[in-house]
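Below, chains carry the letters A, B, ... as their sequence lines are ordered, and counting in each starts from 1.
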Number of protein chains: 2
Amino acid sequence: MSDGVAPPSRRATRARSLIRQTLDSTDKFLSAQGLHELITAQGEDVGLATVYRTLQMFADDGEVDFLRDDDGEMLYRKCVRNAHHHHLICRRCGTTHELADTMIESWAHQVADQHGYSDVSHSIELYGTCSDCGRLG
Amino acid sequence: MSDGVAPPSRRATRARSLIRQTLDSTDKFLSAQGLHELITAQGEDVGLATVYRTLQMFADDGEVDFLRDDDGEMLYRKCVRNAHHHHLICRRCGTTHELADTMIESWAHQVADQHGYSDVSHSIELYGTCSDCGRLG
DNA sequence: TTCTGTGCAAAGCCTTTGCACTGGG
DNA sequence: CCCAGTGCAAAGGCTTTGCACAGAA
């Protein structure tokens, strides 16, 4: 599982800096387009294609978490935890909690073993309404 | 959770029959386009838009299982089990095992409760290489 | 100077939609 | 006969790509 390949050289640019800043400004998962809008709203300007390319690169480098929502859209969020984990996401406001639960990992492997599967990976995300949004009705 | 709404009237048509037949012919998850190709390969002809509309309808009616793969594509499969469940899917040949594990359900609810989330739902799929494909190298 | 990064516009892909025709009941 | 269902083509929405220019090192 170790990607022996060293990450390619990465230059420090205005676009990357702005994208990192924007990611750091929130705990929520953002789409490429959503992030682009936030940047634009700040009066800054970065090409949408660059946002897509950069988020993809950050994801490859493990600098951001990413997942695909129910609509098939990719969402990205600054990486808080390094180890493998899952998310509990408020489907209303997007607030996210990271879940580092070893039980799930072992469950996944156990089930896979039982069926003779190897190279197991899994996609596990929980959605709900967070307490704040719940209060607001 | 009961969808009190009675399903709208559904007519028996050639397209629906062909789509059902094709779904029944395999245990694997199929994309709309993949299913359309299978139908075409049988020398039959159904509009692609109809396949999309029909699969969506079957999904709404609970007649098929569906999920979104890592590429964001919707996949459909004939429904084997009625109760809520998850899947263990071979990422090579698409063979699928249904998992009816109550432990996961209770885990999800427990975690959500701990964080004050309500209306919990979850997206859980396992991917791996099945024993047959593993043997083939 | 060199080569990565960026912007823009075009193209790709999966999916949905509008509209007129077809066919099930 | 009537309305759900279908086909086709166009449009949508997210994402990727080609290419020439800009800017980091």
Just wondering, do A:R91 and B:S121 contact through their side chains at under 4.5 Å, heavy atoms? yes
Can you tell me the distance, in whole Å, between the CD atom of A:E73 and the C1' atom of D:dT16? 15 Å
So, B:Y52 versus B:Q33: side-chain donor-acceptor pair below 3.5 Å or not? yes
At under 4.0 Å, does any side-chain N or O of B:T50 touch on OP1 or OP2 of D:dG7? yes
Let me confirm one number: the NZ-CG distance from A:K78 to A:L30, rounded to the nearest 0.5 Å. 10.0 Å
Students often get this wrong, so: under 4.0 angstrom with heavy atoms, is B:D69 touching a base, only sugar-phosphate, or nothing? nothing
Interatomic distance, A:D45 CG vs C:dT6 C1' [rounded to whole Å]: 11 Å
A:R77 and its side-chain contact (heavy atoms from CB on, under 4.5 Å) partner, picked from A:I89, A:L67, A:D27: A:D27
Using the ring centroid of each side chain, check whether B:H122 and B:H84 are separated by less than 6.0 Å. yes
Does a donor on one side chain sit under 3.5 Å from an acceptor on the other, for A:Q114 and A:H109? no
Which whole-number value in Å describes the distance from B:L48 CG to C:dT16 C1'? 11 Å
Who are the side chain to side chain contact (heavy atoms under 4.5 Å, CB included) partners of B:D65, not counting sequence neighbours? B:F29, B:C79, B:H85, B:H87, B:E98
State yes or no: do B:M74 and B:M57 share one hydrophobic cluster built from I, L, V, M, F, W and Y residues joined by side-chain heavy-atom distances below 4.5 Å, directly or via other members? yes
Starting at atom CE of B:M57, determine the distance to atom P of D:dT6, rounded to an integer number of angstrom. 8 Å
Under 4.0 Å between a side-chain N or O of A:Q56 and OP1 or OP2 of D:dT15? no
Among the candidates C:dG7, C:dT17, D:dC14, find the nucleotide nearest to the side-chain atoms of A:Y52. D:dC14
Between P on D:dG5 and CG on B:L55, what's the gap in Å once rounded to a whole number? 15 Å
Of the listed nucleotides C:dT6, D:dT6, D:dT15, the one nearest the side chain of A:R53: C:dT6
C:dC14 P sits how many Å from A:D71 CG, rounded? 18 Å
Report yes or no: does A:T22 contribute a side-chain atom to a donor-acceptor pair with the main-chain N or O of A:L18 at less than 3.5 Å? yes
Counting only non-hydrogen atoms, which of residues 15-43 of chain B are less than 4.0 Å from DNA chain C? B:Q33
Whole-Å gap separating P (C:dC13) and CZ (A:R68): 15 Å
Under 3.5 Å, which N/O atoms of the protein pair with N/O atoms of nucleotides 22-25 of chain C?
residue: C:dG23; atom: N2; partner: B:R11; partner atom: NH1; Å: 2.5
residue: C:dG24; atom: N2; partner: B:R11; partner atom: NH2; Å: 3.0
residue: C:dG25; atom: OP1; partner: B:A12; partner atom: N; Å: 3.3

